[in-house]
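In what follows, chains carry the letters A, B, and so on, assigned in the order in which the sequence lines appear, proteins first and then strands, with residues in each chain numbered from 1.
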Number of protein chains: 2
Amino acid sequence: MNALGFEKHDHAHCMADGVASVAEACQAKGLQLTPVRRRVIEILLSEHRAMGAYEILDTLRAEGLGSQPPVAYRALDFLVKHGFAHKVERLNAFTACTYPGESHTPAFLICRECGAVVEAAAEPSKGDLGAAAEEAGFEIEQAVVEAEGLCPACRRKKAGGA
Amino acid sequence: MNALGFEKHDHAHCMADGVASVAEACQAKGLQLTPVRRRVIEILLSEHRAMGAYEILDTLRAEGLGSQPPVAYRALDFLVKHGFAHKVERLNAFTACTYPGESHTPAFLICRECGAVVEAAAEPSKGDLGAAAEEAGFEIEQAVVEAEGLCPACRRKKAGGA
DNA sequence: CTTGTATTTGGAATAATATAACATTACAAG
DNA sequence: CTTGTAATGTTATATTATTCCAAATACAAG
């Protein structure tokens with residue numbers, strides 16, 4: 001589980017790779033990565049934070065790729081459905097998947113200060129949630145695991161500024 | 001961790017107890033359990049499911065306790081803030097706390113078929129999320145843990161009806 | 001190439017969820 | 001009584017999301 005995403009990295013590279021891997025996956029599965037869909041995943045990859053549907057829509061609108069809410073929501077639904085993006089329930093916002101291709105339950109670390117979102121992989125069947133489900137006879141199909149708090153950089157700022 | 005809440009229980013009893021324990025806790029902490037607040041926690045306790053703010057507001061309105069959204073949201077904010085209720089992010093809805101008084105991170109089991117919601121206690125600092133946070137140097141302040149799937153009763157129905 | 005079918009898109013309207021802002025009331029402390 | 005704090009009433013608006021219908025496009029089968 002690699003969740004070191006808060007620290008610096010080669011962003012242009014990770015973004016290009018991200019789009020490429022989504023394109024490959026679409027080709028492999030016979031999915032249509034249409035211009036709007038491609039652009040939305042690009043937008044999401046371009047920032048390590050969760051973006052609202054309307055924020056994405058604003059960008060699409062400025063680029064002439066669509067101006068009505070359904071345009072953004074349809075693209076996001078496609079991306080989420082096929083595992084290329086996730087919805088962060090806590091924020092009613094969306095973020096590119098860090099581990100596309102691998103089936104997983106995303107676990108998010110959300111910085112309340114700077115808004116950065118980092119994804120780790122979780123296994124809800126283990127841990128407290130899985131134990132509770134088993135005890136109750138509940139069958140888990142999907143899980144939401146999200147933590148809000150302070151990322152390393154914002155912790156340092158707090159400590160320094162205080 | 002008791003998450004057997006999907007099975008039958010003495011509901012009138014659990015509801016009366018719930019209101020009483022909230023009232024006691026308010027008294028102990030010097031919090032005002034005003035009519036609207038009391039009624040909202042009663043409404044939430046009366047059903048083992050998550051209810052939308054506007055659904056609650058409809059009831060309040062019918063009873064002359066307030067008719068505008070802020071009335072419901074303020075009462076819910078109070079209840080959530082003091083741990084008497086929780087918000088289920090996945091559903092944008094609210095539910096009474098099953099373990100009032102004990103400080104905890106709620107973990108929800110949400111039946112997608114019948115809408116029942118059962119709360120278990122989780123310890124996000126352990127498990128995948130805690131491990132990821134530690135590795136990333138992230139400080140968790142709050143966590144959302146929610147699972148969607150089938151409750152025991154709905155699983156039986158599925159199995160029987162198929 | 002044409003046809004049939006499914007998918008995708010465009011766009012208007014509206015639903016559902018949530019908050020901002022400000023005036024008013026209640027009540028206890030000084 | 002005055003002042004401070006908390007709670008309420010109310011209007012308006014912001015934000016997030018979906019429904020619905022029509023038009024365009026993609027793509028495989030013939």
Side-chain angles (χ1 to χ4, degrees), chain A residues 22-23 26-41 43-44 49-82 84-95 110 115 117 144 146, chain B residues 22-23 26-27 29-41 43-44 49-82 84-95 110 115 144 146:
Chain A
V22 169
C26 284
Q27 191 120 41
K29 295 186 202 167
L31 302 171
Q32 297 183 46
L33 187 62
T34 63
V36 176
R37 291 170 180 174
R38 171 184 287 267
R39 188 66 189 109
V40 171
I41 190 66
I43 292 168
L44 289 176
R49 62 186 180 94
M51 302 181 73
Y54 280 73
E55 191 181 354
I56 291 166
L57 181 57
D58 285 344
T59 302
L60 294 178
R61 182 179 290 133
E63 298 173 356
L65 278 170
S67 61
Q68 303 301 320
V71 172
Y73 281 102
R74 283 195 288 237
L76 288 166
D77 284 350
F78 169 88
L79 295 170
V80 168
K81 181 177 177 185
H82 297 292
F84 304 131
H86 301 293
K87 180 169 187 181
V88 182
E89 298 289 347
R90 180 66 186 247
L91 304 175
N92 291 321
F94 301 82
T95 190
I110 306 162
V117 172
V144 173
E146 302 174 1
Chain B
V22 169
C26 283
Q27 192 118 41
K29 295 186 202 167
L31 302 171
Q32 298 184 48
L33 188 61
T34 63
V36 175
R37 292 170 178 175
R38 172 184 286 269
R39 189 65 190 110
V40 171
I41 190 66
I43 292 168
L44 288 176
R49 62 186 180 93
M51 303 181 74
Y54 280 74
E55 190 181 356
I56 291 166
L57 181 58
D58 285 344
T59 302
L60 294 178
R61 182 179 291 133
E63 297 172 357
L65 277 171
S67 60
Q68 302 303 321
V71 172
Y73 280 101
R74 284 197 283 236
L76 287 166
D77 284 350
F78 169 87
L79 294 170
V80 168
K81 181 177 177 184
H82 297 291
F84 304 130
H86 301 293
K87 179 169 187 182
V88 182
E89 297 288 347
R90 180 64 185 247
L91 304 175
N92 291 321
F94 301 83
T95 190
I110 307 162
V144 173
E146 302 174 2

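Going from atom CZ of A/Arg61 over to atom P of C/dG10 covers 13 Å, rounded to whole Å. Distance, B/Met51 CE to C/dT17 C1': 15 Å, rounded to whole Å. A/His82 has its NE2 atom 10 Å from the P atom of C/dT7, to the nearest Å. A/Lys29 places its NZ atom 18 Å from the C1' atom of C/dT7, with the value rounded to the nearest Å.
For the atom pair CG (A/Leu60) and CZ (A/Arg39), the distance works out to 7.5 Å, reported to the nearest 0.5 Å. Rounding to the nearest 0.5 angstrom, the gap separating the CG atom in B/Leu79 from the CG atom in B/Leu44 is 7.0 Å. Here CG of B/Leu31 is found 4.5 Å from CZ of B/Phe78. Values are rounded to the nearest 0.5 Å.
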In B/S/- notation, 5' to 3', how is nucleotides 6-17 of chain D contacted by protein heavy atoms closer than 4.0 Å? SSBBBB----BB

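At least one donor-acceptor pair under 3.5 Å links the side chain of B/Glu146 to the backbone N or O of B/Glu89.
By the 6.0 Å contact criterion, NZ on B/Lys81 is open, its count of non-hydrogen atoms from other residues, nucleotides or ligands being 12 or less.
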Please list, one pair per line, the donor and acceptor atoms closer than 3.5 Å that link side chains of residues 66-75 of chain B to other protein atoms, with sequence neighbours excluded.
none

